[in-house]
Amino acid sequence: MLTTKNGGALFGKVPGPKQKTMKVKILKDTVAGGKPAKAGSTVTVKEQDAKLLIGMKKAEPVVESKGQKVKDRESGLKEKLSER
């Protein structure tokens with residue numbers, strides 16, 4: 001018998017909220033997003049996973065600008081400090 005409790009199955013799986021992603025440069029061999037990631041590679045992972053990897057010092061954030069290809073945030077901060 002079809003009721004309000006099991007009627008949702010007729011519509012299929014309800015999509016969850018969109019997850020934000022973030023690009024990180026891998027510093028040490030590790031697992032990112034459930035897949036092996038080699039040191040030196042750049043991968044896109046969920047923002048939560050990226051923060052975890054950065055906190056463990058296994059990755060660093062990658063910032064993409066319009067005029068520049070790929071630039072890591074730390075070198076940008078060093079440039080700003082050297083200008084002062």
Side-chain angles (χ1 to χ4, degrees):
M1 174 186 248
L2 184 62
T3 66
T4 56
K5 290 184 179 180
N6 63 10
L10 298 174
F11 300 111
K13 186 176 179 183
V14 177
K18 288 205 172 201
Q19 302 234 346
K20 291 184 180 181
T21 59
M22 187 173 177
K23 280 191 177 184
V24 293
K25 180 179 179 185
I26 303 297
L27 302 175
K28 298 178 185 176
D29 290 349
T30 188
V31 175
K35 298 177 183 174
K38 296 271 185 189
S41 64
T42 302
V43 296
T44 303
V45 294
K46 294 178 191 174
E47 190 173 10
Q48 182 179 4
D49 293 343
K51 288 179 180 181
L52 180 65
L53 290 168
I54 293 166
M56 293 189 304
K57 304 216 186 283
K58 290 190 174 192
E60 62 184 18
V62 174
V63 179
E64 290 188 26
S65 301
K66 290 180 182 177
Q68 302 166 348
K69 288 273 184 182
V70 175
K71 181 180 177 182
D72 64 86
R73 190 177 92 183
E74 193 171 304
S75 66
L77 293 174
K78 288 179 184 176
E79 288 176 12
K80 288 181 183 177
L81 290 174
S82 64
E83 290 174 3
R84 292 181 183 179

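When reading the values below, keep in mind they use all heavy atoms of this one structure, side chains included, and skip hydrogens, waters and symmetry mates.
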- Task: Looking only at non-hydrogen atoms, find the nearest pair between V31 and L53 and report the distance.
- Result: O-CD2, 4.0 Å
- Message: Quick check: closest heavy atoms across Q19 and K46, and the distance to 0.1 Å?
- Response: OE1-CD, 3.1 Å
- Message: Once side-chain contact (heavy atoms from CB on, under 4.5 Å) is applied, do any residues pair with T44, and if so which ones, sequence neighbours excluded?
- Response: T21, K23
- Query: Roughly how far, to the nearest 0.5 Å, is CG of D29 from NZ of K58?
  - Reply: 9.0 Å
- Query: Can you name the side-chain contact (heavy atoms from CB on, under 4.5 Å) partners of E47, sequence neighbours left out?
  - Reply: K20, M22, K51
- Query: Hey, what do you get for CE (M56) to CD1 (I54), rounding to the nearest 0.5 Å?
  - Reply: 10.5 Å
- Query: Looking at I26 and A32, what are the two nearest heavy atoms and their distance?
  - Reply: CD1-CB, 4.4 Å
- Message: Can you give me the closest heavy-atom contact between A59 and V24, atom names plus distance?
- Response: CB-CB, 4.0 Å
